[in-house]
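Basis for what follows: all heavy atoms, side chains included, without hydrogens, waters or symmetry-related copies. In this chain, residues are counted from 1 in sequence order.
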Amino acid sequence: MSILEYNGAAIIAMAGKNCVGIAADTRLGVQAQTVATDFKKVFKMNEKLFVGLAGLGSDVQTLEQQLKFRTNLYELKEERKMKPETFSALLSTMLYEKRFGPYFCEPVVAGLNDKNEPFLSAMDLIGAPVFTDDFVVSGTCTANLYGMCETLYKPNQEPDDLFETLAQALLASVDRDALSGWGGVVHIITSEGVTTRDLKGRQD
């Protein structure tokens, strides 16, 4: 078993029309044993930027604190909000400089750039990035997530349709994975603000 699968996770980010969404499950387990059902895996970096961290629970929390620190430092120094492209590059270098003793996290970055266009990226535990314009997934049930996203994804979705697509893809995927699930959370980021909705999933 990979250490990345120890606690379980499922994260999707998807692009819409001038909006972007990121969804995650809420389970924290020790392999098959469920420890908590309200574990946070998606974190707000600023009004137009979220990061999802799938992997070892302790490293998820450590990396989130490091990222918040670096983001705050950037904003104090530069007197502006960090763009998603910049944040993705920062995260990639942070992971790569720890490559000989890595954070066991596979992050997903979702945000809106200066023109309110969606930005999506994902990376492995040593920071090798992938950039897409449709959707990215991470966690213990990536095969399921890919299948559902490829089935349900349509380009240029409005925020409400994007929420529905993300919610259905997430819930259908975690139902076929023993290590993730127990509800979910979906964040939809638009130029007007962020809408967050909690999902009730199967409790088994």
Side-chain angles (χ1 to χ4, degrees), residues 1-16 20-32 34-37 39-43 50-61 63-64 67 84 88 91-92 95-96 99 102-111 118-155 157 162-188 199 201-202 204:
M1 182 205 71
S2 162
I3 193 68
L4 289 160
E5 295 174 6
Y6 188 69
N7 298 122
I11 298 174
I12 322 172
M14 193 177 281
V20 68
I22 184 164
D25 72 316
T26 54
R27 180 183 182 271
L28 173 72
V30 176
Q31 297 180 64
T34 300
V35 175
T37 59
F39 188 70
K40 204 172 169 190
K41 298 170 191 176
V42 176
F43 305 96
F50 277 70
V51 62
L53 302 171
L56 191 65
S58 52
D59 282 357
V60 166
Q61 293 177 328
L63 195 53
E64 187 263 332
L67 288 168
S88 186
L91 179 49
S92 188
L95 291 170
Y96 191 68
R99 63 191 177 278
Y103 293 116
F104 295 111
C105 278
E106 295 187 333
V108 167
V109 178
F119 172 87
L120 296 176
S121 77
M123 51 203 83
D124 67 0
L125 76 171
I126 57 162
V130 59
F131 304 100
T132 69
D133 51 13
D134 47 12
F135 54 82
V136 286
V137 302
S138 186
T140 51
C141 60
T142 49
N144 308 5
L145 292 165
Y146 269 124
M148 285 309 300
C149 287
E150 283 169 3
T151 306
L152 298 175
Y153 173 78
K154 291 194 289 287
Q157 293 182 97
L162 185 63
F163 162 74
E164 197 63 38
T165 303
L166 277 168
Q168 293 297 336
L170 182 74
L171 290 173
S173 300
V174 298
D175 280 353
R176 288 273 172 179
D177 180 39
L179 299 178
S180 58
W182 281 81
V185 61
V186 183
H187 305 279
I188 303 293
L199 305 175
R202 281 177 53 152
D204 59 357

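- Among all heavy-atom pairs drawn from V137 and C149, the shortest one is CG1-SG, 4.2 Å.
- Take A128 and apply the side-chain contact (heavy atoms from CB on, under 4.5 Å) test, not counting sequence neighbours, and it matches D124.
- A pairwise comparison of heavy atoms in A110 and V20 identifies CB-CG2, 4.0 Å as the closest pair.
- Counting non-hydrogen atoms of other residues, nucleotides and ligands closer than 6.0 Å to CZ of R176 gives a total of 12 or fewer.
- Heavy atoms only, all atoms of each residue included: A23 and V186 are closest at CB-CG2, 3.8 Å.
- One finds the NZ atom of K154 at 10.0 Å from the CE atom of M14 (value rounded to the nearest 0.5 Å).
- Rounded to the nearest 0.5 angstrom, L91 CG and L67 CG are separated by 5.5 Å.
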Do W182 and T34 pass the side chain to side chain contact (heavy atoms under 4.5 Å, CB included) test, and can you show the C-alpha distance, the side-chain angles, and the key distance before you say yes or no? CA-CA 9 Å; W182 281 81; T34 300; 3.7 Å; yes
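- Residues F119 and V109 are in side-chain contact: their nearest non-hydrogen atoms beyond the backbone lie under 4.5 Å apart.
- Applying the side chain to side chain donor-acceptor pair (under 3.5 Å) test to pairs two or more places apart or on separate chains, those with a residue in residues 127-152 are T140-D177.
- To the nearest 0.5 Å, atoms CG (L56) and CG (L4) are separated by 8.0 Å.
- Across all their heavy atoms, P107 and V51 have their closest contact at CB-CG2, 4.4 Å.
- Remark: A10 engages D25, C141, L145, L170, V174, S180 in a side-chain contact (heavy atoms from CB on, under 4.5 Å) (not counting sequence neighbours).
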Steps toward side chain to side chain contact (heavy atoms under 4.5 Å, CB included) verdict (V30, Y6): CA-CA 6 Å; V30 176; Y6 188 69; 3.1 Å; yes
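- In this structure, F135 and V108 have side chains that are not in contact, with every pair of non-hydrogen atoms separated by 4.5 Å or more.
- A distance of 8.5 Å separates CG in L179 from CE in M1, rounded to the nearest 0.5 Å.
- The line from CZ of F43 to CG of L63 is 9.0 Å long, rounded to the nearest 0.5 Å.
- Qualifying side-chain hydrogen bond (donor to acceptor under 3.5 Å, both in side chains) partners for S88, counting only residues two or more places apart in sequence or in other chains: S121.
- By the side-chain hydrogen bond (donor to acceptor under 3.5 Å, both in side chains) test, Q157 pairs with T165, sequence neighbours left out.
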Go through V35 and N7 one step at a time and tell me if the side chain to side chain contact (heavy atoms under 4.5 Å, CB included) criterion holds. CA-CA 9 Å; V35 175; N7 298 122; over 6 Å; no
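- Expressed to the nearest 0.5 Å, how far OH of Y103 lies from CG of L53 amounts to 11.0 Å.
- In terms of heavy atoms, S173 sits closest to A169 at OG-O, 2.7 Å.
- The number of heavy atoms from other shown groups lying within 6.0 Å of OH (Y153) is above 12.
- E164 meets the side-chain hydrogen bond (donor to acceptor under 3.5 Å, both in side chains) test with Q168; sequence neighbours excluded.
- The two atoms that bring L162 and G21 nearest to each other are CD2-N, 3.5 Å, heavy atoms only.
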